[in-house]
There are 2 protein chains.
Amino acid sequence: MGPMARQRAFDRDEALDRALRAFWRHGYEATSIAELTAVMDIRPPSLYAAFGDKRRLFEEALRRYQESYGAFTARALAEEPTARKAIERILYEAADEYTDPGHPHGCMIISAAVNCGPESSEVEEGLRLKREAAKAAIRERIERDVTAGLLPPSADAAALAAYYAAVIQGMSTQARDGASRDELERTAALAMRSWPATTPPHP
Amino acid sequence: MGPMARQRAFDRDEALDRALRAFWRHGYEATSIAELTAVMDIRPPSLYAAFGDKRRLFEEALRRYQESYGAFTARALAEEPTARKAIERILYEAADEYTDPGHPHGCMIISAAVNCGPESSEVEEGLRLKREAAKAAIRERIERDVTAGLLPPSADAAALAAYYAAVIQGMSTQARDGASRDELERTAALAMRSWPATTPPHP
DNA sequence: TTTTTCCTGTAGCGATCACTAAAGAAAGGG
DNA sequence: CCCTTTCTTTAGTGATCGCTACAGGAAAAA
């Protein structure tokens, strides 16, 4: 065995969580290394040794976001017995999660890379792909219910998925603008009124 | 008469329109003076002499946006005979306008100041107030129809306004992510299914 | 203690940020 | 012609950007 070296003096998990919240609130480009080192309470060399560079720190923070704060959509799609119940649950959990006073409002994947210069267009594109993937997951869940006969064949799964994706993205913007949980729950209730009849029109 | 001076060598209106499109696409902070002078085809001193500074140039571009590309919402609310027709028209015109290949996609007021550092929080707040004003205008238009008896007293004007504001904001995000006009029109159609019955339930 | 190894803080790298001083150039009045 | 005015261009300003060289300190094996 070779000699042991000095150990890290800060909590990597807590530092990552603080970076996550900074990126969540202000976005990728607008969060400077200076602000990151301030909220993480470390100096730049420690940040670069532990996380690589700003891009990799953001990507790791984003992965953690998806596994924690942003995991409720995948959970609902996997656990609920019908597409309708899954989407209803997503909307109401979004109303709760997006307005939680314990962390920044809205969805990080929707709002963390909207205003980007040419140097971070890859970050922008990465988040766009995640939004597309979320919309595709909703569409596939609806298609399953159409195939199973729970929804009429006339139900347009792609259109419904695009519609509910838009509602969710709008709820995120509203939450960032200060909307309350109750207001978002009323939006969720109105959005569910667009759901197609579960019984297909008989011939 | 005093002596006459040298005249401006560039078209101020066209330069403003090009700055507008740059801000529209990349947002306030992510659009640098270097990029602005490049697309406007002028040098920094000409920009500062004609428009003041970056903040004032953005505000003037935003005013022009509201008077041109973004004027369709106010027009619909003022011209249509009912709140329902006004909102339906807004949604379908948004589907068209947000995906117009002749200019950046989405809505500038929704997306131009999402990721802001502490130095441009006033720009962020200014756009937030414009979004709140748009939502309030929708709410007041619905309230007018409730008072006129076109909608049942049970219709929650504030909730409906928040819901349609969220749908519009979601459509803007979808358009920026590459959604087609047809896709947004299907979202508009689905959103209109949440409209309350025009005839109040009789006792 | 000595040695080895890696973390930590200071201090600063080149590049880019928004912005501007200074001087040349264009236009019409005298 | 010259004069005045204001545009234009060149060439920068100090500040901040993401990032890092370097030296010193901490921890454990020898």
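This is a predicted model, so every value here is computed, not measured. Residue numbers start from 1 in every chain, and the chains themselves are labelled A, B, ... in the order their sequence lines are given, proteins ahead of strands.
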Could you check which residues of residues 53-62 of chain B get a heavy atom under 4.0 Å from DNA chain C? Sort them by number, please. B:Asp53, B:Lys54
Pairs meeting criterion side-chain hydrogen bond (donor to acceptor under 3.5 Å, both in side chains) with involvement of residues 107-119 of chain B, two or more places apart: B:Ser111-B:Arg176
B:Arg63/B:Glu60 salt bridge by N-O under 4.0 Å criterion: no
So the ring-ring contact (aromatic ring centres under 6.0 Å, His included) pairs with at least one residue in residues 78-97 of chain A (sequence neighbours excluded) are none
Sequence neighbours excluded, the answer for side-chain hydrogen bond (donor to acceptor under 3.5 Å, both in side chains) partners of B:Glu35 is B:His26
Listed by chain and number, what are the side-chain hydrogen bond (donor to acceptor under 3.5 Å, both in side chains) partners of B:Ser194, not counting sequence neighbours? A:Ser194, B:Tyr163
Which residue pairs pass the side-chain hydrogen bond (donor to acceptor under 3.5 Å, both in side chains) test with at least one member in residues 39-59 of chain B, sequence neighbours excluded? B:Arg55-B:Glu122
Nearest-Å distance for atom pair CG/P, residues B:Leu47 and D:dT8: 11 Å
Spacing between A:Tyr48 atom OH and C:dG9 atom P, to the nearest angstrom: 16 Å
Hits for side-chain contact (heavy atoms from CB on, under 4.5 Å) against A:Asp145, two or more places apart or cross-chain, chain-then-number order -> A:Thr82, A:Ala83, A:Arg141, A:Leu150, A:Leu151
What residues, two or more places apart in sequence or in another chain, satisfy ring pair (Phe, Tyr, Trp, His ring centres under 6.0 Å) together with B:His103? B:Trp24, B:Tyr69
What nitrogen or oxygen pairs link the protein and nucleotides 6-8 of chain C at under 3.5 Å?
residue: C:dC7; atom: O2; partner: A:Arg6; partner atom: NH1; Å: 2.8
residue: C:dT8; atom: OP1; partner: A:Ala9; partner atom: N; Å: 2.5
residue: C:dT8; atom: OP2; partner: A:Ser46; partner atom: OG; Å: 3.2

Set of residues satisfying side-chain hydrogen bond (donor to acceptor under 3.5 Å, both in side chains) with respect to A:Arg75, sequence neighbours excluded: none
For B:Ser172, side-chain hydrogen bond (donor to acceptor under 3.5 Å, both in side chains) partners two or more places apart: none
The correct set of residues in residues 24-41 of chain A placing a heavy atom under 4.0 Å from DNA chain C is none
From CZ of B:Arg12 over to C1' of D:dC7, roughly how many Å is that when rounded to an integer? 14 Å
